[in-house]
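On a predicted model such as this, the values are computed, not experimentally measured, just so you know. Along the sequence shown, residues carry numbers from 1.
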Amino acid sequence: SPDLLMNWSVSDVADERNIDNTGLFGEFRRMVRTSGTVGGIAARIAGHKMGFRPSSQSIHAEDLKSVLGGLKGPLMKGAQLLSTIPGALPEEYAKELAQLQANAPPMGWNFVRRRMSAELGPNWERSFRSFSREASAAASLGQVHRAVLPDGREVACKLQYPDMKSTVESDLRQFRLAVGLFYRLDSTICQDDVLEELQDRLYEELDYQREAANMRLYHLMLADFPDVTIPRPIDALCTRRLLTMEWVNGRGVQKVLDTNPTQEERNSMARALFRAWYAPLYRYGVIHGDPHMGNFTVRDDFGINLLDFGAIRIFPPRFVQGIIDLHRAIETDDEDLAMHAYAAWGFTNLSRDTMRVLNEWARFIYGPLLDDRERFIQEDNDPQYGRAVAERVYNGLKRTGGVQPPREFVLVDRSAVGLGSVFLRLKAKVNWHRLFQEVAADFNEAALARRQADALREARVPPPLGARA
């Protein structure tokens, strides 16, 4: 039955002898699981586009969110990513998926023992004074266990779930089918480059040694910002499927908000988050592409701990120059500069009309940065304001012939929308313009290129996947 299929866990198909190669049968089970899910999604999207709007559509969207959240794989990440692009998904689905976070049930001790033995050898427990049998967190690609090293240091061990490479491949195939069907019904937003970007970043996330290198990179980039803590990786205990890092103490954002923090405490969290995301972008051309609230915790002094470094994007310096130029173009209403900026971003064959529609989205994103005063990130109290802007932009793009977002656009857009949502929840009231000036005022493309090359070399970051990455 469908219920039985949905209750299968990854452990059901994990082979004791080889935890990451479950073979054709395991792949078949995965395909059965996701094909039914995506087929249902595609059918409901098709019904939406053909004008069928059942009263239970929001119920279907909620059901979709719970189904994707239960899959320990990238389908959820892809859906989250698309939910930030105006018009990429029907409104009911975008609304639900925008709230979706990875919090799948953790796998048991049998999996933990097999994973640790596969990565560190049969005597792996000698590397630790103690190792918790219970997971402290579970996400889409792996789960985290707390441990203590022989020298007394507390660490977090992130263990990748079994056979995740085939899971990624299967989920991407199914996700392409769903998105492809939607595009045939509505060609306003061409997702080809978006899907290529999603594929490359997901494959990078499977390599925990790359993530350890990203952590070293973030240590370098944020060394001058004491309100942001980056845990250090323990290189001797890191492999492609095991990431061991310093344990950092902090509370979840919602737990902090439940204590009704003062306005200054709210502002401190927001300033730390802004610097953690945008100092690396404007100084090194690097962005953290996954700003949901599960990826950072709050320190006792209301600084932040940044925790997850799988979805890191390294940009060509000319792309960051394009971001700066678009900011200046919106500020001065310079359409020629805006056209030049979009070309640097990777947009092709833009008409002036399409550019003006994109500028409305840019004004929504850049607006707080242009306003030199203390303010909330969104001054309109309407929680649907952002969705209304996205709807206008989508309708404008449809009227002017559609657009193909370049792959470089995707994670910058996701970060801006995701962080904006966090700033809204924090109810932070700060001078966003001055924060932006703090990290970007002395921007120079050539200087960024030098800093980026030096930092990547020192942190030993491997080249990004993707021909244009």
Side-chain angles (χ1 to χ4, degrees), residues 101 137 156 211 214-233 245-313 323 365-366 368-369 371-378 411-412 414-443 451 455:
Q101 291 185 12
E211 184 170 351
N214 290 337
M215 295 173 74
R216 294 191 294 267
L217 177 63
Y218 265 74
H219 256 289
L220 291 170
M221 296 189 299
L222 292 171
D224 295 333
F225 294 91
D227 52 353
V228 183
T229 297
I230 310 296
R232 293 182 183 274
M245 70 194 90
E246 294 174 331
W247 183 273
V248 289
N249 290 310
R251 293 175 291 165
V253 176
Q254 190 55 53
K255 287 186 177 180
V256 173
L257 292 178
D258 289 344
T259 69
N260 194 24
T262 67
Q263 188 63 57
E264 182 49 40
E265 289 166 346
R266 293 170 184 269
N267 296 346
S268 293
M269 289 185 279
R271 284 190 290 262
L273 282 169
F274 190 97
R275 291 167 181 144
W277 253 261
Y278 290 118
L281 177 62
Y282 293 116
R283 296 186 180 189
Y284 295 88
V286 178
I287 201 163
H288 189 302
D290 201 0
H292 79 69
M293 295 203 307
N295 282 342
F296 51 86
T297 57
V298 181
R299 304 184 323 205
D300 288 343
D301 63 355
F302 295 92
I304 66 154
N305 303 307
L306 197 52
L307 300 179
D308 190 294
F309 299 86
I312 302 301
R313 184 50 151 98
I323 298 176
I365 298 296
Y366 284 114
L369 308 183
D371 199 359
D372 188 8
R373 63 186 176 91
E374 290 188 354
R375 52 163 286 178
F376 297 108
I377 195 74
Q378 178 184 304
L411 292 187
V412 168
R414 172 162 167 70
S415 292
V417 174
L419 272 185
S421 299
V422 177
F423 294 148
L424 272 174
R425 190 172 295 192
L426 288 175
K427 297 180 181 177
K429 188 176 184 180
V430 303
N431 191 317
W432 309 101
H433 170 81
R434 293 192 182 176
L435 276 174
F436 173 73
Q437 293 299 321
E438 174 190 309
V439 297
D442 60 348
F443 178 83
R451 278 195 300 270

Return yes when atom CZ of R232 has more than 12 non-hydrogen atoms of other residues, nucleotides or ligands closer than 6.0 Å, and no otherwise. no

Atom CG of D300 with >12 non-hydrogen neighbours under 6.0 angstrom: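 Open.
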
Flag side-chain contact, heavy atom, 4.5 Å: F309 against I230: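 Yes, close enough: below the 4.5 Å cut-off.
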
Would you say that R414 contacts D290 through its side chain, given a criterion of any heavy-atom pair below 4.5 Å between the two side chains?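 Touching, per the 4.5 Å side-chain cut-off.
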
Counting distance only, does the side-chain N/O of R451 pair as donor-acceptor with the main-chain N or O of Y284 below 3.5 Å?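 No, the answer is negative, given that no donor and acceptor are paired below the 3.5 Å cut-off.
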
Keeping N267 on the side-chain end and K429 on the backbone end, is there a donor-acceptor pair under 3.5 Å?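 Here the side-chain-to-backbone pair exists.
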
Heavy-atom pair with the smallest gap, counting every atom of [X] and [Y]:
{"X": "R434", "Y": "D372", "value": "NE-OD1, 3.1 Å"}
{"X": "V228", "Y": "A272", "value": "CG2-O, 3.6 Å"}
{"X": "W432", "Y": "P368", "value": "CB-O, 3.5 Å"}
{"X": "I323", "Y": "Y366", "value": "O-OH, 2.9 Å"}
{"X": "G289", "Y": "S415", "value": "CA-OG, 3.8 Å"}
{"X": "H433", "Y": "L369", "value": "ND1-O, 2.9 Å"}

Parallel, tilted or perpendicular, as decided by the 30° and 60° cut-offs, for the rings of F436 and Y282: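 Ring orientation of Y282 relative to F436: perpendicular.
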
Among all residues two or more places apart in sequence or in another chain, which pass the salt bridge (Lys or Arg N to Asp or Glu O under 4.0 Å) test with D301?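 With neighbours one apart ignored, the set is R299.
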
F296, Y278, W277 screened by ring pair (Phe, Tyr, Trp, His ring centres under 6.0 Å) with H288, the one that passes: W277

Between the side chains of R275 and D227, is the shortest nitrogen-to-carboxylate-oxygen separation below 4.0 Å, so that they form an ion pair?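 Between R275 and D227 there is a salt bridge, with a charged N closer than 4.0 Å to a carboxylate O.
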
